[in-house]
Amino acid sequence: PQAMGAYRSLHRFVVRAQRASLAVGALWARLHRRSDVSDLSNAQAWHALRLHVHDVSAFVRSIEAHCVAGVCRSCWHELRERVAAAGSAAELRAAHNDYLADATRQCFLHPAGAPTAAVVSAVFGVVAALHRDVAAAPAWRASLATSKERFRQLTHALETSEPGLVSGE
């Protein structure tokens with residue numbers, strides 16, 4: 001039962017990250033298809049939007065890379081090695097439990113990581129809102145400044161609590 005809860009949390013996190021990644025991809029596709037930059041103010045607004053989408057995209061890729069590198073590669077390889085070396089069912093259970101503990105730690109799904117997980121989820125929410133607003137055509141102009149400011153605040157909070165996570169160090 002405890003393992004199922006950990007897997008459920010991990011899968012939810014991965015799905016949220018994938019949804020954010022898909023939203024960013026859809027934003028890029030929309031930005032490259034649209035060409036209503038007939039005047040200078042439109043061109044400047046589109047440029048500002050593209051810069052913001054670039055920043056958001058870099059963040060989402062950073063989180064995905066952190067989790068894939070941490071969970072899918074290092075934790076998984078360690079689990080495989082420990083399972084291969086296990087001599088009893090108890091050692092298998094211990095290896096599996098350690099894997100889940102490491103995976104949830106890497107994805108900030110443990111009690112001490114809750115503040116970081118909340119910020120990451122909030123950024124994923126910013127991405128979803130931006131995607132929704134850009135799809136609503138003219139409405140995105142009004143929300144761009146809010147989205148940029150909220151993203152700036154959240155990434156600053158993350159850089160403070162988890163140095164190197166956003167910058168990829």
With a cut-off of 3.5 Å and sequence neighbours excluded, list every side-chain donor-acceptor pair involving residues 94-106.
from: His96; atom 1: NE2; to: Tyr7; atom 2: OH; distance (Å): 2.7
from: Asn97; atom 1: ND2; to: Arg93; atom 2: O; distance (Å): 3.3
from: Asp98; atom 1: OD2; to: Arg82; atom 2: NH1; distance (Å): 2.6
from: Asp98; atom 1: OD2; to: Arg82; atom 2: NH2; distance (Å): 3.0
from: Thr104; atom 1: OG1; to: Leu100; atom 2: O; distance (Å): 2.9
from: Thr104; atom 1: OG1; to: Ala101; atom 2: O; distance (Å): 3.0

Of all the heavy-atom pairs spanning Ala45 and Leu144, show the shortest one and how long it is. O-CD2, 4.3 Å
Could you check Arg152 against Glu149 for salt bridge (charged side-chain N to carboxylate O under 4.0 Å, His left out), going step by step and ending with a plain yes or no? CA-CA 5 Å; Arg152 187 197 64 73; Glu149 179 58 22; 2.7 Å; yes
Are Phe124 and Trp28 connected, step by step, through hydrophobic side chains (Ile, Leu, Val, Met, Phe, Trp, Tyr) whose heavy atoms are closer than 4.5 Å? yes
Would you check if the side chain of Ser21 reaches a backbone N or O of Ala17 as a donor-acceptor pair within less than 3.5 Å? no
Counting N and O atoms only, with roles assigned by atom type, does the side chain of Ser143 sit under 3.5 Å from a partner on the main chain of Thr146, one being a donor and the other an acceptor? no
Over all heavy atoms of both residues, which pair between Ala20 and Val127 is shortest? Give the atoms and the distance, please. O-CG1, 3.6 Å
When hydrophobic residues are tied together by side-chain contacts of less than 4.5 Å, even through go-betweens, does Val24 share a cluster with Trp46? yes
So, does Arg16 use its side chain to make a donor-acceptor pair with the main chain of Ser121 at under 3.5 Å? no
Nearest non-hydrogen partners of His52 and Ser147, listed with the distance: NE2-OG, 2.7 Å
So ring pair (Phe, Tyr, Trp, His ring centres under 6.0 Å) across residues 66-93, not counting sequence neighbours, yields His66-Phe108
Student check: side-chain heavy atoms of Val123 and Val56 closer than 4.5 Å: no
If you compare all heavy atoms of Lys148 against all heavy atoms of Ala48, which two are closest, and at what distance to 0.1 Å? NZ-CB, 4.4 Å
State, with a plain yes or no, whether a side-chain heavy atom of Cys107 is found less than 4.5 Å away from one of Leu10. yes
Taking all heavy atoms of Leu31 and all of Arg50, pick out the closest pair and write down the distance. O-NH2, 2.7 Å
Would you call Phe59 and Leu154 a side-chain contact if the rule is heavy atoms closer than 4.5 Å? no
Distance col, row Gln44:CD vs Leu49:CG, nearest 0.5 angstrom, shows 13.5 Å
Holding to side-chain contact (heavy atoms from CB on, under 4.5 Å), I want the full list of residues that pass it with Ser9, two or more places apart in sequence or in another chain. Leu109
Determine whether Ile63 and Phe13 satisfy the following criterion, side-chain contact (heavy atoms from CB on, under 4.5 Å), listing intermediate values before the conclusion. CA-CA 11 Å; Ile63 294 298; Phe13 181 83; 3.9 Å; yes
